[in-house]
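Here's the structure we're looking at; comments come further down.
First listed ligand is number 1; within each ligand, the first listed atom is number 1. Computed from heavy atoms alone, side chains included, the values below leave out hydrogens, waters and symmetry copies.
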Amino acid sequence: MDRRDFLLQGTTAAAALALGARPPRAAAPAAPGVPADSVRAPDRLAWWRDAKFGMFIHFGLYSAPGGEWNGKATGSHEWMRHNAKIPDEAYARLADTFNPAAFDADAWVRTAKAAGQRYLVFTTKHHEGFALFDSAVSRYTAMHTPFRRDLCAELARACRKHGMKLGWYYSIMDWHHPDYLPRRDWEQRDASGADFGRYVAFMKAQLHELLTKYGDIAVLWFDGQWESTWTHAAALELEAFCRRLMPNVVINDRVDVAVPKEAPAGYRRAGDYTTPELTVPERGLPGQEWETCMTMNGNWGYAKDDQAYKPAPVLLRLLAETASKGGNLLLNVGPDGDGRFPRECTEALGQMGAWLRTNGSAIYGTRGVAFGDAPYRPGAATQPLVRATRGAQTLNLFLDAWTGGALVLPDVRQAPRAARVLGAEEVPLAWERTPEGLTITLDTRGPDTPLAVVQLQFDSALRIGG
Ligand code: GLC
């Protein structure tokens with residue numbers, strides 16, 4: 001596959017773009033440690049692969065303090081019990097005042113829907129161990145607080161009503177359950193008599209509840225799998241357990257431990273897809289299914305002191321970038337202690353939705369078109385560049401900046417049936433086939449959008465390169 005850099009030529013600002021074809025996924029060889037059968041399970045992942053954009057919601061006991069404990073900032077807020085070395089009994093007292101009076105599952109789902117998000121993943125139990133659902137095997141739940149409501153049940157109902165796919169985040173690591181091991185290395189909590197096997201049975205009982213009481217669950221998003229007590233064998237067993245209850249549930253890779261350096265032949269990491277965190281892999285992850293999870297500011301849980309929200313244009317570029325590299329974007333909201341989404345999140349999500357209503361055909365159901373760029377880092381300035389996605393007979397080009405002049409596509413030799421800018425007034429664009437490749441003329445006023453999309457349609461299957 002030929003790679004050329006994006007370049008701007010002289011004053012005409014002609015852009016040349018090398019488009020590398022991505023091998024069809026079903027035929028892609030699985031990289032080491034990639035769950036090979038996920039690549040061969042098109043049915044289970046079909047909706048997920050096309051959905052492209054989901055909402056992550058981090059909510060828990062940590063949301064009310066919002067990162068402040070005894071008047072001091074704790075940093076990385078759903079980790080506050082660990083960061084501030086808060087004893088379990090003291091932290092658990094947060095349950096006595098847990099009362100997110102403004103919690104409105106319907107409003108959350110409507111916001112996700114209006115943002116163009118096609119699935120939602122909710123923290124049913126984060127590392128702190130507190131469950132936001134009614135559980136027969138625990139009293140450390142929202143039912144035993146002044147709130148006395150099953151947030152998962154309300155969310156499941158709202159998702160069903162609005163046709164939103166629902167996923168459960170569930171942390172394997174548990175800082176509260178007496179049988180979970182190991183303890184935090186700084187804590188004194190007695191571990192004598194603790195039995196990790198019993199903890200696994202408890203976890204399965206909770207997952208059984210989550211997979212049988214709330215209707216169709218589309219995704220299981222595990223986390224907290226990195227401590228010494230969790231093993232590959234336990235992961236395979238847990239995956240099988242969940243699939244018996246919900247055969248089509250899509251499961252992330254964090255159900256399993258990292259792939260050992262010298263994995264034996266035929267080793268299969270449990271789970272269906274890989275979860276890069278706060279980053280978009282430089283060249284995507286060819287041959288793997290993946291989803292970048294990303295915060296809208298710098299924290300997962302609600303953070304009073306963090307106003308560094310990414311503006312909608314940055315988030316849209318991030319969405320285009322993940323899609324162009326063949327991945328999904330799971331964008332996080334940390335509701336405050338009352339259960340409200342921060343205003344900045346709602347606004348940016350609304351703007352993303354407005355953009356998607358015009359440009360969604362360049363995102364949903366598309367496949368990535370590979371070419372390189374430096375990895376995205378939160379807060380980093382995004383370079384003006386061109387990224388691309390494709391359908392069977394469509395090529396979508398995302399333009400950060402409308403430079404005018406010519407856009408040259410060296411790897412496209414086919415004549416399009418139509419070339420246009422997506423938008424309220426769809427502007428047809430002139431093109432010609434030149435020795436350099438297909439050349440689109442952008443000599444028109446750029447559309448009024450943070451991220452312009454030029455869409456090319458072809459009469460036959462699109463061929464890139466070769
Ligand atoms: C990490 C953190 C956790 C967060 C998750 C989201 O694993 O421990 O707090 O929920 O990432 O990807």
Nearest to atom 9 (O) of ligand 1, what protein heavy atom do you find, and at what distance? Glu78 OE2, 2.5 Å
Do Asp223 and ligand 1 have an N or O pair less than 3.5 Å apart? yes
Cation over ring face, Arg118 and Tyr364, 6.0 Å, 45°: yes
For atom 10 (O) of ligand 1, what's the nearest protein heavy-atom neighbour? Residue, atom name and distance, please. His58 NE2, 2.5 Å
So the atoms of ligand 1 within less than 4.0 Å of a heavy atom of His127 turn out to be 2 (C), 3 (C), 8 (O), 9 (O)
Grab the two heavy atoms, one from Ile172 and one from Val255, that are nearest each other, plus how far apart they are. CD1-O, 3.9 Å
Atoms of ligand 1 close to Tyr169 [distance to a heavy atom under 4.0 angstrom, numbered from 1]: 10 (O)
Determine whether Leu329 and Leu318 make a side-chain contact, defined as any pair of heavy atoms from C-beta on separated by less than 4.5 Å. yes
Enumerate the atoms of ligand 1 whose separation from the nearest heavy atom of Cys293 is less than 4.0 angstrom. 12 (O)
Answer yes if the side chains of Glu347 and Tyr309 hold a donor-acceptor pair under 3.5 Å, and no otherwise. no
With a 6.0 Å cut-off (strictly less than), is the heavy-atom count around CZ of Arg184, excluding the residue itself, greater than 12? yes
Could you report the tightest heavy-atom contact between Gln225 and Arg254, atom names first, then the distance? CB-O, 3.0 Å
Distance filter under 4.0 Å to Trp226 heavy atoms, resulting ligand 1 atoms: 7 (O), 8 (O)
How far is atom 12 (O) of ligand 1 from the closest protein heavy atom, and which atom is that? Glu277 OE1, 3.1 Å
Heavy-atom distances under 4.0 Å decide this one: backbone, side chain, both or neither, for Tyr62 against ligand 1? neither
If the plane angle is over 60° it's perpendicular, under 30° parallel, otherwise tilted; pick one for Trp48 and Tyr273. tilted
Looking only at side chains, do Asp150 and Tyr214 share a donor and an acceptor under 3.5 Å apart? yes
Using a strict 4.0 Å cut-off to heavy atoms of His126, name the atoms of ligand 1 that fall inside it. 3 (C), 4 (C), 9 (O), 10 (O)
Among all protein heavy atoms, pick out the one at the shortest distance from atom 2 (C) of ligand 1; state its residue, atom name and that distance to 0.1 Å. Trp79 NE1, 3.5 Å
Part of Phe222 with heavy atoms under 4.0 Å of ligand 1, whether side chain, backbone, both or neither: neither
